[in-house]
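What follows is one structure encoded as structure tokens, with my remarks underneath.
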Amino acid sequence: MKELRIENILVGHTIGAIKKLYEQSVSPNQITLQKTRPEFEGDITLLVFPLTKASKKSPEETANAIGNYLKENVSEVTVYNVVKGFLNLVIDDSYWTNYLLNSESRPESFRDQNSELKEETVMVEFSSPNTNKPLHLGHIRNNLLGASISEILKAARKKVIRVNLVNDRGIHICKSMLAWQKWGNGETPSSNGMKGDHLVGKYYVEFDKHFKSQVSSLKSQGTADEEAEKNAPLIKEVQEMLRKWEAGDKEIIDLWKMMNGWVYYGFAITYKELGVEFEKTYYESETYLLGKKIVDEGLSKGVFFKKDDGSVWIDLTKDGLDEKLILRSDGTSVYITQDLGTLMQRLQDFKDDKINKLIYVVGNEQEYHFKVLFLITKKLIQQNVAGFGSLSFGESGERGGGASLFHLSYGMVDLPSGKMKSREGTVVDADELMDEMINTARETTKALGKTDGMNEAEAEKLYHNIGLGALKYFILKVDPKKRMLFDPKESIDFNGNTGPFIQYTYARIQSVLRKAEEAKLKGTSEKSKIEIHKKEKEVIKLLHDFPSVIKEAAEAYSPAYIANYVYELAKEYNQFYHEFQILKAEKEAEKNFRIMLSAKTAEVLKSSLKLLGITAPERM
RNA sequence: GGUCUCGUAGCUCAAUUGGAUAGAGCAUCUGACUACGAAUCAGAAGGUUAAAGGUUCGACUCCUUUCGAGAUCACCA
């Protein structure tokens, strides 16, 4: 059953007021409502400035007239006041208490409450690791964003398909392979106990070390910089290895399969630790050939053109860009070729799901790449290449506007020393960072003596939840578009605006609720009997905001909206908790009402945390 | 050099997309546990929103210029 929300009621009646009072019609988007600032009396404020065009009266006069109309016609509006062009409306307590009694707070329930949201199928690509090195902090941001946005979209009535794209082939993969072949002495993850992805990463660094020393010795013999980098024996060897790989050389393929196997085993552990899952994983090695087919067809239909050396290009000069390479002169594919193949593969695989939107969660360093990819897709659709013409995919990377391919471009995670670079060893390793967080959680929890009555397994699970809660919140609370700074020397906090703060608030409420149950208090309330206090109303108002916060977060693709909201709610509740007694309240009705308020708050805290991929512990 | 982002308290981040006196946390200082859980709460201090113009009822937000930081412009991914 859908409740009519007060905002909708007010918008409707404000339009009515303008019509009645000034014989003008205004559209709903001209009506702006906002929360009343705490220093003024009221719950909701209507901005009348935009309406003075219709009224042709001063803001104050207009505000008073509308205020009067709303008070007469909307039973929920009890009192109003006007400050400059701001019309502050007081909403009757019964509206808030009714909301509290009737609301449902599981994210799934908002699928119904947010009924104006469109139901559609969205594919979200994220993670997208390379198999030549372990995951680092940058990948963590990517994974957490992808996972969280998927949850948020689900709560906003979308059907979500999460996909990973593993970059498992190419020259960089061969570098690790060659280095292992030369200097590995048959070392394996089981022989030295190293996690597979870390072992392979070690040889990627090893390659670079030897390569650099070859380059510098060539340079000291008088070779020019560029020449040295092209002619170093190691680079020649690795190129030869890639050719053999593409030719299907058994020895090389076996080596590749073995080492990638190590990496996948390592990744699986990291993903499990992070709590990230996918409906399907794609491998570049399985889609790049399909990309080449698209290029062939595009060539014959005039989307692409061939240069004398055999390389294939697209001319994007009319679109304000450049000529862009699609296929190398030796016929091997590049990144963008593979992306086209993967796109087509996905559309085929999920034909029955009728995908409306595909979101690529990829860093902002690749904005140019996606601009090009989307433009190429548009041209392929126009020429009906590879069946693209029958699809509804658009070209736009712009937010909104019904665009079907969207690059969710997020900012880099920087260290105080600047950008992270794998080869230079200036990365914050994902596994190490998670371990550190869990250790800190373990130490802090023990120091606070919170493990009483827990067995070892429960305690370990708790440390994991808190450590990862801190890490996830730390990363997700920042606007995805903005770059963020991480200082490894300063450990992530557990106090203040943090994940554990919210988890603690939840656990504390659970403790109260357990005691309430022991005391056989039901937590229901006859709303009319009690007077609600300001702080209680503030909490209810925040609970009331939850559905619209989900909607906004989904539209902006921003988990930060959820993080900011849930922090606000936890803070507000804690203030209430300190100010009022719950189980020891004077009147029975107050007790029940406050238990109810606490229980609902806990539900929303848990639901919000879930949207961020964070677990709410029952005790901590 | 072309294109694109960004610049808010000492530090890390907010500001409902143009709305009221720019808010939080950390760090610093002060106070509150014999209490339904102190990973909490209350308070103090901290700002010419990089700078200068402009647009309008109203600008951290939009436009122009300057300064500063970063990304990108590969037969890399």
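The shown structure was predicted, so the numbers you read here are calculated from the model rather than taken from an experiment. Note on naming: letters A, B, ... go to the chains in the order of the sequence lines (proteins, then strands), and numbering restarts at 1 for each one.
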For nucleotides 22-30 of chain B, give me every protein contact, N/O to N/O, under 3.5 Å, one pair per line with atom names.
residue, atom, partner, partner atom, Å
A24(B), O2', Y567(A), OH, 2.9
G25(B), O2', N497(A), N, 3.3

If you only use heavy atoms from C-beta on, which nucleotide in [options] is closest to the side chain of [X]?
X       : options                : answer
E367(A) : C4(B), U17(B), A38(B)  : C4(B)
N130(A) : A69(B), U16(B), A77(B) : A77(B)
V478(A) : A14(B), A20(B), A77(B) : A14(B)
N574(A) : G19(B), A14(B), U40(B) : U40(B)
Y335(A) : A39(B), A20(B), A77(B) : A77(B)
E284(A) : A77(B), U16(B), A71(B) : A77(B)
L47(A)  : U17(B), A39(B), G19(B) : G19(B)
H578(A) : G19(B), C41(B), A39(B) : C41(B)
S329(A) : A20(B), C75(B), A39(B) : C75(B)
M484(A) : A38(B), C13(B), C4(B)  : C13(B)

- prompt: For atom P, what is the distance between U16(B) and G54(B), given to the nearest Å?
  reply: 25 Å
Any [X] side-chain nitrogen or oxygen under 4.0 Å from OP1 or OP2 of [N]:
X       : N      : result
Y504(A) : A39(B) : yes
Q575(A) : A42(B) : yes
R328(A) : C76(B) : yes
K371(A) : U3(B)  : no

Between [X] and [Y], is there a donor-acceptor pair closer than 3.5 Å when you use the side chain of the first and the backbone of the second?
X       : Y       : answer
S333(A) : L327(A) : no
H533(A) : K535(A) : no
N164(A) : S128(A) : yes

- prompt: For F86(A) and G19(B), are the ring centres under 5.5 Å apart with planes inclined under 30°?
  reply: no
Across all strands, who's sitting opposite [N] as a Watson-Crick or G-U wobble pair, both distances under 3.5 Å?
N      : value
A15(B) : none
A38(B) : none
A27(B) : none
U55(B) : none
A22(B) : none
G70(B) : C4(B)

Regarding [X] and [Y], does a basic nitrogen lie under 4.0 Å from an acidic carboxylate oxygen?
X       : Y       : result
D545(A) : K541(A) : no
R169(A) : E286(A) : no
E536(A) : R594(A) : yes

message: I'd like to check the salt bridge (charged side-chain N to carboxylate O under 4.0 Å, His left out) partners of D319(A); sequence neighbours left out, ordered by chain and number.
response: K379(A)
Nucleotide [N], atom [atom2] - distance to [atom1] of [X] in whole Å:
X       : N      : atom1 : atom2 : value
L242(A) : C76(B) : CG    : P     : 10 Å
K482(A) : C6(B)  : NZ    : P     : 8 Å
D479(A) : U61(B) : CG    : P     : 17 Å
N81(A)  : A20(B) : CG    : P     : 16 Å

message: On a heavy-atom basis, which atom in M620(A) and which in P500(A) lie closest, and how many Å separate them?
response: CE-O, 3.8 Å
field: Quiz item: T505(A) side-chain donor-acceptor pair to A39(B) base, under 3.5 Å
entry: no
message: For the residue pair K306(A) and W313(A), would you count it as a cation-pi contact if the rule is NZ or CZ under 6.0 angstrom from the ring centre and within 45 degrees of the ring axis?
response: no
message: Both N364(A) and A441(A) contact RNA chain B. Which one's nearest nucleotide lies toward the 5' end?
response: A441(A)
query: Between K477(A) and R508(A), which is nearer to the 5' end of RNA chain B once each is assigned its nearest nucleotide?
result: K477(A)
message: Under 4.0 Å, counting only non-hydrogen atoms across every strand here, what does L485(A) touch: a base, just sugar-phosphate, or nothing?
response: sugar-phosphate
